[in-house]
Asks: 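Before we start, here is the structure in question, set down as structure tokens.
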Amino acid sequence: MRRAYSVACAVTAVVTAFATGCTHDTDTRTATAAAQRAEPRELTYTEELRLSDAQQRLTARCMAEQGFTHHVYRPLTVEEHHPVGYVQDDIAWAREHGYGSRIQEKADKARLDNPNVAYRKSLPEQRRRDYDTALGGGAEAREVSAEVPAGGTYRKRVGGCVGKAEEQLYGDPEAWFAADKTAAALQAHAMEAVLDDSRFTAAVKRWSQCMRRAGHPYADPGEAREAVRQQTRRLPETKAFETEREIAGTDAACARDTSLREVAEEREAHHLDLLRGEYGDALDTARRIQRDALARAEKIAGRPS
């Protein structure tokens with residue numbers, strides 16, 4: 001669910017645009033801060049992993065009933081799934097993983113090594129077509145659509161074992177698709193507003209001053225990450241990663257020292273609240289559906305490890 005300005009979402013979609021710590025403590029802080037507000041909160045990234053794991057397990061069970069193998073596949077650890085968004089303030093994680101370049105490489109390789117892809121390729125042509133139909137519903141799959149507040153319509157097909165698993169978790173596919181896309185569009189609008197918010201830009205300026213004092217003259221976190229990519233292109237791998245970790249660690253330390261993450265979260269909540277008068281019901285519906293789905297997921301998959 002992250003947008004274009006989330007410069008370095010290294011592994012997975014970030015749970016909040018600017019809240020990007022990479023320890024369980026950060027995940028807990030995100031949940032605690034949101035719980036203090038009246039509206040239902042977004043899921044944390046570990047909770048989203050539980051949903052993903054549960055959906056995979058439900059899909060695998062359904063495929064087995066259809067006579068096919070479907071592997072539950074999550075090659076990254078929970079720590080490696082920690083999001084790296086625009087603001088990164090987990091110093092320990094940054095000093096170990098930098099901006100997540102090696103995790104991204106691992107994720108890219110995992111996509112190529114996905115056992116489900118290999119299994120599908122191993123099937124005879126007709127069985128492969130049957131597999132695709134069993135998994136996604138084929139041409140007969142139901143199409144659902146959602147019109148979002150910013151304009152435009154999203155569509156997708158829901159069917160087969162993937163559709164069945166999604167329905168078991170979220171309920172009516174059309175209601176969930178519409179709620180999810182609407183909430184995402186509203187959050188994107190709020191996050192775009194943050195970038196022009198005077199309190200946030202002032203916090204970014206303080207961050208930049210902190211980085212400059214440490215020998216890294218960058219205007220904002222996006223520029224820092226782009227500089228790392230450019231600087232490390234021609235360096236030996238070990239040296240490149242050392243440089244990435246050093247700059248990322250300083251970036252995180254400056255974000256923590258200037259409270260950049262807290263400011264970003266507060267301003268994002270403010271701009272989202274401005275939309276609640278017209279769209280509050282849509283936001284609450286999306287989060288309620290997620291919370292209900294999470295309760296079902298925890299019975300199916302437990303907690304990710």
Side-chain angles (χ1 to χ4, degrees), residues 1-2 6-15 20 22-24 27 44-85 93-94 96-138 141 156-166 169 225 228-229 232-233 235-242 244-245 248 297 300-305:
M1 295 174 57
R2 295 311 88 190
S6 287
V7 180
C9 183
V11 182
T12 59
V14 189
V15 176
T20 59
C22 296
T23 67
H24 289 287
D27 206 39
T44 64
Y45 78 94
T46 52
E47 290 170 336
E48 288 192 335
L49 277 180
R50 282 175 232 163
L51 281 172
S52 175
D53 287 351
Q55 187 164 341
Q56 284 202 64
R57 292 191 187 189
L58 289 170
T59 301
R61 292 176 192 172
C62 176
M63 291 296 283
E65 293 171 357
Q66 302 295 318
F68 295 102
T69 297
H70 188 79
H71 298 274
V72 176
Y73 185 56
R74 179 161 58 81
L76 302 182
T77 66
V78 172
E79 180 179 355
E80 289 170 337
H81 271 282
H82 274 278
V84 184
W93 194 94
E96 181 176 355
H97 299 288
Y99 290 119
S101 63
R102 288 190 173 179
I103 297 173
Q104 184 64 64
E105 290 172 4
K106 181 179 177 180
D108 291 342
K109 184 177 185 299
R111 279 190 288 272
L112 297 176
D113 296 338
N114 190 321
N116 292 309
V117 174
Y119 172 76
R120 181 184 179 279
K121 287 181 178 179
S122 74
L123 297 173
E125 184 177 348
Q126 182 57 53
R127 284 284 287 168
R128 194 179 304 157
R129 288 197 292 268
D130 293 342
Y131 173 93
D132 292 342
T133 299
L135 184 63
K156 76 169 183 176
R157 291 194 175 275
V158 179
C161 288
V162 171
K164 182 178 179 181
E166 187 172 304
L169 283 175
R225 292 168 204 202
V228 166
R229 282 191 285 271
T232 58
R233 279 182 177 177
L235 294 177
E237 182 180 352
T238 300
K239 180 62 176 176
F241 193 50
E242 287 178 0
E244 177 186 343
R245 289 190 300 169
I300 296 166
R303 294 179 177 272
S305 58

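In what follows, residues are counted from 1 in the order of the sequence shown.
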Asks: Looking at Tyr119, is its backbone amide N or carbonyl O close enough to the side chain of Ser122 to form a donor-acceptor pair, meaning the two atoms are under 3.5 Å apart?
Replies: yes
Asks: Heavy atoms only: give me the nearest Leu58-Ala165 pair and the separation to one decimal.
Replies: CB-CB, 3.6 Å
Asks: Rounded at 0.5 Å granularity, tell me how far OG1 in Thr77 sits from CD1 in Ile103.
Replies: 7.0 Å
Asks: Roughly how far, to the nearest 0.5 Å, is the CZ atom of Arg111 from the CG atom of Asp108?
Replies: 4.5 Å
Asks: Quick one: OG1 on Thr44 to CZ on Arg50, what's the gap to the nearest 0.5 Å?
Replies: 6.0 Å
Asks: Do you know which two heavy atoms are closest between Arg229 and Arg233, and how far apart they sit?
Replies: O-CG, 3.1 Å
Asks: Tell me which one of Glu244, Glu237, Glu80 satisfies side-chain contact (heavy atoms from CB on, under 4.5 Å) with Arg102.
Replies: Glu237
Asks: So, does Asn116 use its side chain to make a donor-acceptor pair with the main chain of His71 at under 3.5 Å?
Replies: yes
Asks: Check Ala107 against Leu76 and note the closest heavy-atom contact, atom names and distance.
Replies: CB-CD1, 4.0 Å
Asks: Please answer whether the main-chain N or O of Glu48 pairs with a side-chain N or O of Ser52 as donor and acceptor at a distance below 3.5 Å.
Replies: no
Asks: Find out whether Gln66 and Cys161 are in side-chain contact, i.e. whether some heavy atom of one side chain is under 4.5 Å from a heavy atom of the other.
Replies: yes
Asks: Test salt bridge (Lys or Arg N to Asp or Glu O under 4.0 Å) on Arg61 and Glu65 and set out the steps.
Replies: CA-CA 6 Å; Arg61 292 176 192 172; Glu65 293 171 357; over 6 Å; no
Asks: Can you list the residues that meet the ring pair (Phe, Tyr, Trp, His ring centres under 6.0 Å) rule with Phe68, with sequence neighbours excluded?
Replies: Tyr131
Asks: Could you work out, with ring pair (Phe, Tyr, Trp, His ring centres under 6.0 Å) as the rule, every residue matching His97, not counting sequence neighbours?
Replies: Trp93
Asks: Ala141 and Gly136: which non-hydrogen atoms are nearest, and at how many Å?
Replies: CB-O, 3.6 Å
